Every structure is written in C-alpha cells, then in structure tokens.
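To start, the structure under review is shown below, and the notes come after it.
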Protein chains: 2
Amino acid sequence: MIATLNDVAKLANVSKMTVSRVINHPEQVTDELKQLVFKAMTALNYQPNFAAKALAANTTRIIKLIILEKVDTVEPYYATLLMGVAQALNEHQYALQVVTQKNADIGDCDGYIITGARREDFDWINQLNRPTILFGENRHNYDYVDSDNKYGTFLATSAAINDGYEDIIFFGIELKESFEYSRERGYMDTMQKDGRDPQIVRFGNHSSESQNYIETHWQEFKPNTCFVCSSDRLAIGVERGIQHMNGNIPDEFGIIGFDGVFLDQIADPKLTTVKQPVMTMGSKVAELLLQKINRALPMTEDHDVNRSNRIEVMFSPELIRRQTTRNYHRS
Amino acid sequence: MIATLNDVAKLANVSKMTVSRVINHPEQVTDELKQLVFKAMTALNYQPNFAAKALAANTTRIIKLIILEKVDTVEPYYATLLMGVAQALNEHQYALQVVTQKNADIGDCDGYIITGARREDFDWINQLNRPTILFGENRHNYDYVDSDNKYGTFLATSAAINDGYEDIIFFGIELKESFEYSRERGYMDTMQKDGRDPQIVRFGNHSSESQNYIETHWQEFKPNTCFVCSSDRLAIGVERGIQHMNGNIPDEFGIIGFDGVFLDQIADPKLTTVKQPVMTMGSKVAELLLQKINRALPMTEDHDVNRSNRIEVMFSPELIRRQTTRNYHRS
DNA sequence: GTTAAACCTGTTACCGATAACATCAGCCTA
DNA sequence: TAGGCTGATGTTATCGGTAACAGGTTTAAC
C-alpha cells in the first residue's frame, strides 16, 4: 500500500541507493537521474519510513519533552509550548514523548527538551547523556530558549510610565530563578532610568496570594498606581483584589500581566499583558535541538545571541494592550 | 551502550529468537530458560528498540492525535487529554504525533484518535484507512470514549433541586452535536421526573455570550434560580453577569458548570462543576486504540457499554461542589 | 518397537533505510 | 596508449527485532 524506497527505485529504473542519495546527498547524483527519481517519488507519493530510518541511523528519532512541574492542573502555558514542539518535530519526522513526573523516563531517545527546571533539578539533568536544550533561561550554562524577560518588563514598565501612572509597583514570583531575576531587573532598570523608586513585592505564583495582598494593604495604594506583574496569574489576583475593594480599573489602577497565554483572555476585564510567542518558541527549541543532534549548527539566525558555543535564543515578547491599562480606549 | 536482544542472548547463552520469545510468547519457552533470560535482561537493563520493532512488524508505532478545533487559544481541556494519551502511549512504546489544522496530516501511522469532530468532518474521517477511535460521543457508529454526558447533567440538575433552587435554567451550547443533546436530555429528564418545567437557552461557547444574556434578561430571573451550564466557559459568563448585576452567589443564584478543567478553578468564586476525568479518559482512548490495532479486544472492562462490536466507553463524571452553589459551606 | 505427533530451540530471511565498499566509465597525463 | 584518477552508480552488510521454517528430542500410540 505504502510506497518504499524500493518501489521508487524500480519505477525510476535505478537502485535503491540512488534514490536514497537523491534524498540525502543530492549533489552526488546527476540531474538527469534526479528528475527521474523525483517523478517516481511524486507518482507513488513516497513517504520515507520513519522506523527504518531510525534503525539504519542507529537513532531513535524520539525526542522527550520533560515537564518538571506539578501538572495537577495542566498549565495552558505548557500545552501551548507542547503544540509548538509537536509541530516542529512532525515536520522533521521525529516522534514526541511527553514525560511528566508521573510517567517515569524509560526508554532511549535522541534528545531532551526540559521545561520548568529549578535549581534542584540540575544534578539530575547533568546525568542526561543526550543533547539537551532547556526551555527557560538558566545560569548553569545550558543551552536554552526563552523570551527576553528583561525586555518584557521593560515594555511593561515603560507602558505604565507613558500612561501616566505615578506609582508603579512590581509583583514578582517568589522564586530564585533566572527568569524572575531578569524580569525584576527589567523593571528596576526602567524605573531608575526614569528617576523613580522601584518597589517589589513577591508571592508564590497564585492569584489568591496577590489578591490577598492587595486587599490587606489596600490603604497603602494611592490611586494612579500601576501593578506590573511577573505572571498573568498574579495579575488576575491583583485585578480581583482591586475589584473587591471597589477600585477603578484602569483609571485609578493599572495592571499589566506577563505570559499572554489563555489567562489574560479569561480575565475580566481582559488583561494588558506582555505576551510571549510560546508556540513559536516551542518550535524553535525543537528545531535547535534537532540541529544540535545532527551536529550541524548553522547558527546564523537573527535571534541568536550566540558568542560562545552556547545556544541562547531569546524571543522578543510583545505588549498587548487591553482593558487593564488606560490607553486601551485610545488605541 | 544500550543493550540489544543480541547482547541479552549472548549473556544468557541462548539465541536471539529465544529472548524474543520470552518477551512475546513466553508460553513457548521452558521456565528454566526463561529464568536465564530474565536474569540477563535485568542485568543489562534491556529496553526493546522501538524502531526495530516497528520495522519488523511493518508498523509505524505512531498514533496520531487529531485535534479538530481552532486552537487559537489552546484549550486546557485538550491539553489535559493529550497528557493522558501521551502517558498511555509511552507505556506501550508508541509514539505520539499531534495533528492540528495547521500541520497537515503527512506520513503513515497505526491509528488515529480524533477529538472535536463535528458533523461536517465525518466525510473526511471516513476515508481514514487505519483503526480510529473518537474522543466524544457520536451518532455515526464510530467507536468512542466520552464521559457520560447525560449522567453529568443529571448530577447537576439533581444537585440544584436538592439545594432548593426553584427555577433551574439550562444554558446549552448552540451545536447540533451528540454530546450537547445528551447533556440537554439529562437536564430535561431530571426536571420532568421532578415535575418541573425545563427551560433551555443556547449560545456559542463563549463566556461573553452567556454573560450578555444574563445582563440583558436580568429582570426575568427571580432570586432562587440555578443556572446549569453545558460548559465552564458559559458558567463563567453567567457568574460575571450575575456579579455585574449585583446578584448574590450562591444564595440568590446558583451556577453549575461542566468539564472541570482549569476554568472552574480560575473562576472567582470557584465554580461548582461536573468534572470529567479527562486525563484518565485520554489514557483509556489510547489503550482501546492499541487493543483495536492488535486485534485483541478483551472487552471485559466494567465501563464498557458494549453490545455489538462497537466500542462505547463512558466515564462517569463527578459533581464537584464549590462556591457557586449553596451547599458549599455545609460540606 | 517403530512412527508420528508434540514440543522446544536455533537458523534464515526480511522489514526499509543507509554507510561503506566495489565497479565501471570517462578523462587526463606521460 | 597504458596507468591512474575522478565521479557516478550499483552491491553488500547492517541496524534490532520477528515470522516462518528446520532440526532435534521427548512423548504418545498402535
């Protein structure tokens, strides 16, 4: 039913090897034969056999996506990422295995994509003996892809300043992780450049915590304050807190979230947020990993901030203006 | 590095074939040899080679999960499902390909899991020439796995009755699909059995639509009304509408959602909802599909509502009481 | 006690692709 | 014109499994 290399070879009156070469090393075949082979391939709708390829190359053609985070409630963020990874992998005829804490990591693979890695995970990650790329910046010299967190909070803070908010407070995530440091730095630098006093408060990444803080510290916040948050979750909490205290959004109080995956749209009013191109980023990690596996690292991409051998790709996030900042009605 | 059948065979002093038989047809091998082989396998930590298996069996060991729905904003519902599918597939050494509208369906596979199928999709689905199981009940005689939708709305409606709400209105999804019919029937039957008049309104599955309806028809709703919704999305809209109109939840107005994936927890107050065991269901579809592929259909499971050859597996949903129905504080 | 059936284990071929090597033609050089 | 080189194509072996068949031994039957 499904055409093999052999079928194509017969139809084109050449050997299997020639067909294989047309696919993998076309420069070694004369144009004449190439035409014949191409014609045969399209005539038979040839699709290379994934398993045979893997077996011959002594690889698995399996990439594992390891999600290191409690997936009690599945994060839309990771789901989106997964879609991106899956798409890129499909294009290159690689299969995906999703590894969570529950299903142990059994069986071989050609490479790992790891997301949600925390400090304590690196001992374990070090033992992996396959090409690995992390999703999320880190200070352990691992290759990674992430959005430009510092630039993201720069965007958010600048927007808050431009919108004329007088006090701008940062709600961060209580986590000693690289991405959080970068976000805080983006906020601090932007504030200082404008001669303002930064103010940072930190929470576990739950809306209830930020909401509670808003409500219990309500009298400390003067109208005309903007809350720049390190996640949409925290931003939703802030929004609820303000609503419970009958504050006015966005005229008295502005809110800017971070991530732009699902939660921002679910919120009411919808959040102004720093949106990461998560799906694109997912595709990119996958593609970089495949490049790394194939030892061919063109590394000529515009995005690449690559001086040493380390791969560090940062995607620029984008400020999405919606209903929790003043400018909403003007744009 | 990685042990093969051959390595195991050598260590156990038998032929490859014997080892293979120990794995696939253990009844054909004497206990004595089996012990030897087992010992060798554990000593070498033998893991079967996925690709070789696939090649020898003339299969792909790839299962495609086709998500037929705009994934503009990725639904946490599908993400959870995907996790379940991935887990079961990993256990059986099958690889997963996620197919969305964007990445066309190229390449062979051993079977399909299709979710989000609508009326108009079935022409296309008919052409698939591999074992297929749908996620979601259907009237096209396809095998499927779903939650028991009728039972779900029975649970919801009964709860509303028990909680003493006088008017109970059903907010349905404007879709001529089987699952929606079942949910409406569960509501209607339960209402009629209690001698009440059913009342159904339908919307596109967006919170804005149900919210808008609540606000524009506010005077029609008497206090002591419960809204039984066909999705958590609609329920969130209802919640917002009531809040905007300053209605009291849950004393004057109750809300019960459906799905129990993520949205119910994000809502404020948190939704009472009919929760589907989505992850478990995902694992089950995968397992059933693998059974179907291997032509071995034990079909002795308790869940199976199987009279003909058709596979119809229904999972019982569960009512999760939270803050949008009265009983919340009592439990 | 011969013969066949049953049972266990090993040998061979094959799945579909690829690397490495072999072959053969054409061309250049001395 | 012989020898060697280059470049294009075919042949062989191999990846790690499994089905089908072959060979050898034990058991059963008449």
Side-chain angles (χ1 to χ4, degrees), chain A residues 1-38 40-41 44-62 92-95 107-110 293-295, chain B residues 1-38 40-41 44-62 92-95 107-110 293-295:
Chain A
M1 181 101 203
I2 272 167
T4 72
L5 253 199
N6 231 327
D7 302 331
V8 176
K10 273 184 208 151
L11 185 61
N13 257 319
V14 296
S15 74
K16 291 203 306 182
M17 209 49 226
T18 303
V19 181
S20 172
R21 271 193 274 256
V22 169
I23 297 168
N24 299 300
H25 310 284
E27 74 285 357
Q28 297 177 6
V29 183
T30 53
D31 288 347
E32 198 182 9
L33 282 191
K34 255 186 284 198
Q35 292 314 320
L36 278 176
V37 171
F38 280 139
M41 289 203 312
L44 297 174
N45 184 29
Y46 170 73
Q47 301 284 2
N49 182 306
F50 169 87
K53 238 182 166 139
L55 186 55
N58 246 327
T59 63
T60 63
R61 293 192 85 81
I62 291 174
H92 295 84
Q93 281 243 321
Y94 272 76
D108 198 17
C109 70
D110 289 353
I293 289 170
N294 299 323
R295 302 254 150 66
Chain B
M1 181 102 204
I2 273 167
T4 72
L5 252 199
N6 232 325
D7 302 331
V8 177
K10 273 183 207 152
L11 185 61
N13 257 318
V14 296
S15 73
K16 290 204 305 182
M17 208 50 226
T18 303
V19 181
S20 172
R21 272 193 274 255
V22 169
I23 297 168
N24 299 300
H25 310 283
E27 75 283 359
Q28 298 178 6
V29 183
T30 52
D31 288 346
E32 198 181 8
L33 282 192
K34 257 187 285 198
Q35 292 314 320
L36 278 177
V37 172
F38 281 138
M41 290 204 310
L44 297 174
N45 185 29
Y46 170 72
Q47 301 285 2
N49 181 306
F50 169 88
K53 237 180 168 141
L55 185 56
N58 247 326
T59 63
T60 63
R61 292 192 88 81
I62 291 175
H92 294 84
Q93 281 243 322
Y94 272 77
D108 198 19
C109 69
D110 290 353
I293 289 170
N294 299 323
R295 302 253 149 66

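Chain letters run A, B, ... following the sequence lines, proteins first and then strands; every chain starts at 1. Since this is a predicted model, take the numbers as computed values, not measurements.
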task = Please report the closest heavy-atom contact between B:M41 and B:V8, naming both atoms and the distance.
result =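 Shortest heavy-atom separation between B:M41 and B:V8 comes out as CG-CG1, 3.6 Å.
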Side-chain touch [X]/[Y], heavy atoms, less than 4.5 angstrom:
X     : Y     : answer
B:T18 : B:V29 : yes
A:T60 : B:F50 : no
A:V14 : A:V19 : yes
A:I23 : A:Y46 : yes
A:L33 : A:V22 : no

Which of the following nucleotides, [options], is nearest to the side chain of [X]?
X     : options                : result
B:N49 : D:dT18, C:dG16, D:dG17 : D:dG17
A:L55 : D:dC15, C:dA20, C:dA17 : D:dC15
B:N24 : C:dA17, D:dG17, D:dT18 : D:dT18
B:A56 : C:dC15, C:dG16, C:dT9  : C:dC15

Nearest whole angstrom, please: distance from the [atom2] of [N] to the [atom1] of [X].
X      : N      : atom1 : atom2 : answer
A:L33  : D:dG10 : CG    : P     : 7 Å
A:Q93  : C:dA17 : CD    : P     : 10 Å
B:K16  : C:dG10 : NZ    : P     : 13 Å
B:L5   : D:dC15 : CG    : C1'   : 13 Å
B:D31  : C:dC7  : CG    : P     : 15 Å
B:M17  : C:dC8  : CE    : C1'   : 13 Å
A:N294 : C:dT18 : CG    : P     : 13 Å
A:Q28  : C:dA19 : CD    : C1'   : 11 Å

Does a side-chain N or O of [X] approach OP1 or OP2 of [N] to a distance below 4.0 Å, or not?
X     : N      : answer
A:T30 : D:dT9  : yes
A:N58 : D:dG16 : yes
A:S20 : C:dT18 : yes
A:S15 : D:dG10 : yes
B:H25 : D:dA19 : yes
A:N6  : C:dA17 : no

request  = By nearest nucleotide on DNA chain C, pick out whichever of B:A57 and B:V29 is the more 5' one.
outcome  =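 Result: B:V29.
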inquiry  = Suppose we call a contact any N or O donor and acceptor under 3.5 Å apart; does that hold for the side chain of B:K53 and the base of D:dG16?
reply    =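 Such a pair does not exist between side chain and base.
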query = Which is true for B:F50 with a 4.0 Å heavy-atom rule: it touches a base, it touches only sugar-phosphate, or it touches nothing?
reply =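 If one applies the 4.0 Å heavy-atom cut-off, B:F50 turns out to touch nothing in the nucleic acid.
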